[in-house]
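Throughout, numbering of the chain's residues begins at 1 and tracks the sequence. Worth knowing before you read on, the calculation uses all heavy atoms, side chains too, and leaves out hydrogens, waters and symmetry mates.
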Amino acid sequence: MNGDFVVDGSEAQHVELILKSEQGQWKENPELGANLHKAKSGVIDRFLNRDIRVQLEADGFVLNDLTITPTGIEVIGNYDTTANT
């Protein structure tokens, strides 16, 4: 009330959590997590691209474009809302 809370979509938060998570960190889904910490000072290659795609798609995210550069990751897509109905 009175502007204390903002109710909005949480898709960006879901994607961020998956990217930042390490596999084994989530009790209900131990295989969830893109393990980005491994690429922090390492090589950015097609395996990182594949890992991110697999993790997001397993969570129901429809990935339209994924760009990985040394300065960041750009994810374009949305969650498939028809899959749960």
Point to revise | For I18, the option from L56, N29, V75 that meets side-chain contact (heavy atoms from CB on, under 4.5 Å) | key: L56
Review point. If you draw a 6.0 Å radius around CD in Q13, do more than 12 non-hydrogen atoms from other residues or ligands fall strictly inside?
Key: no
Review point. Residues two or more places apart in sequence or in another chain: which of them pass side-chain contact (heavy atoms from CB on, under 4.5 Å) with E22?
Key: Q25, N35, H37
Check your understanding: Excluding sequence neighbours, so at least two apart, what forms side-chain contact (heavy atoms from CB on, under 4.5 Å) with T69?
Key -> T67, T71
**Study point:** Sequence-distant partners of E11, salt bridge (Lys or Arg N to Asp or Glu O under 4.0 Å), two or more places apart
**Key:** none
Review point. Among all residues two or more places apart in sequence or in another chain, which pass the side-chain contact (heavy atoms from CB on, under 4.5 Å) test with V62?
Key: N64, N78, D80
Review point. side-chain contact (heavy atoms from CB on, under 4.5 Å) with N49: which residues, sequence neighbours excluded?
Key: R53, L66, I68
Review point. Got a second to check how far Q55's CD is from L36's CG, nearest 0.5 Å?
Key: 10.0 Å
Check your understanding: Is F47 reachable from I52 through a run of hydrophobic residues whose side-chain heavy atoms are each under 4.5 Å from the next?
Key -> no
Exercise for review: Rounded to the nearest 0.5 Å, what's the gap from CG on D59 to CD on E57? Could you check?
Suggested key: 11.0 Å
**Study point:** ring-ring contact (aromatic ring centres under 6.0 Å, His included) against Y79, all qualifying residues, sequence neighbours excluded
**Key:** H14, F61
Practice item. Find the distance between CD1 (I73) and CG (L19) and round it off to the nearest 0.5 Å. Key: 5.5 Å
